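First listed ligand is number 1; within each ligand, the first listed atom is number 1. Along the sequence shown, the residues carry numbers beginning at 1. All figures in this text were calculated on a predicted structure; none of them were measured in a lab.
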Amino acid sequence: MKKRLGLVIGLSAAILIPSLQETKAEESPKHHHKIDIVAHRGASGYAPENTIAAFDLAVKMKADYIEIDVQRTKDGKLILIHDTTVDRTTDGTGKVGDLTYKEIRRLDAGSWMSEKYKGEKVPTFEEVLKRYKGKIGILIELKSPELYPGIEGEVAKLLKAYHLDKPRNEKVIVQSFNFDSMKEADQLLPRIPIGVLINKTADTTDAAIEQFSAYAEYYNPSYGLVTAELVTKAHEEGMKVQSWTARSRETVQFLLEMKVDGIITDYPDYVK
Ligand code: G3P
Ligand code: CA
């Protein structure tokens, strides 16, 4: 069951933390009336992933969230890129963590997809917080955080700097495949919803779901793992479900029928 409920010891404690309870109540599935459209790496079916072009397009398409992948350069800058090397999505080569921000910033992150996007840059995490805060929700994935010790604290620091650690109208979620990292993020950012990314059957058992609910508000499985029962179980444990990555209308339709709370898709316009 929900992590914070365990912290409420007795009636007096419950009275002392009404704002926290209200925040969590807003997030519970029974209050959720619409599907969240999450633009995966931005509207990445149409514009190069994890670039301003893809994020701007997601805003234009009226997605509810952009999903971003955060990693760290050699000199400590938090940047947005999916792979742990720059090879696939830029004109450069090498590991993200072996390159300085200056080296990465001069790469072209658009031409690999289309000439139309020549000159797109690898954005920084901060630039995206600044540009999209209050305009669209941000689903922040810590990508391979085990490669970047301490990245959870650095992400928390920047969220605090932009007053996004206690969001009001702004929507912010932090998620990862690395569950230890998410337990740490939960400690650092107690007011931010935490998501666990699920891609293994072993993490779909009732026992596993109950364990995740101790620190996570979002249970986010690959669509291949989704069943109506899985969604119900996550809901029973007080978590919402955002599933990924829908790249066809059929997958979108399937996830709608499964009654997930959010669809993470490269094509935000596929979700009506
Ligand atoms: O948000 C879910 C999804 O992004 C997880 O997979 O590999 O696209 O980061 P990946
Ligand atoms: Ca991702």
Can [X] and [Y] be counted as having a side-chain donor-acceptor contact under 3.5 angstrom?
| X | Y | answer |
| --- | --- | --- |
| Asp266 | His40 | yes |
| Glu229 | Thr232 | no |
| Tyr219 | Asp203 | no |

Heteroatom count (protein N, O or S) under 3.0 Å of the Ca ion (ligand 2): 3
So that I can tick it off, tell me whether Glu127 and Lys121 are bridged by a salt bridge, with the cut-off set at under 4.0 angstrom between side-chain N and carboxylate O. no
Row check, Tyr148 ring normal vs Arg72 NZ/CZ: under 6.0 Å, within 45°: no
Quick one: name the residues clustered hydrophobically with Tyr117, using the 4.5 Å side-chain heavy-atom rule over I, L, V, M, F, W, Y, and just say none if it's on its own. none
Counting the benzene-type ring for Trp, do Tyr65 and Trp244 have ring centres under 6.0 Å apart? no
For Lys166, does the NZ atom have more than 12 heavy-atom neighbours from other residues, nucleotides or ligands under 6.0 Å away? no
Sorted by chain and residue number, the residues with a non-hydrogen atom under 4.0 Å of ligand 1 are His40, Arg41, Glu67, Asp69, His82, Glu141, Lys143, Gln175, Phe177, Leu197, Trp244, Ile264
Does Leu158 have any side-chain contact (heavy atoms from CB on, under 4.5 Å) partners at least two apart in sequence or in another chain, and if so, which? Leu78, Phe125, Glu126, Leu129, Tyr162
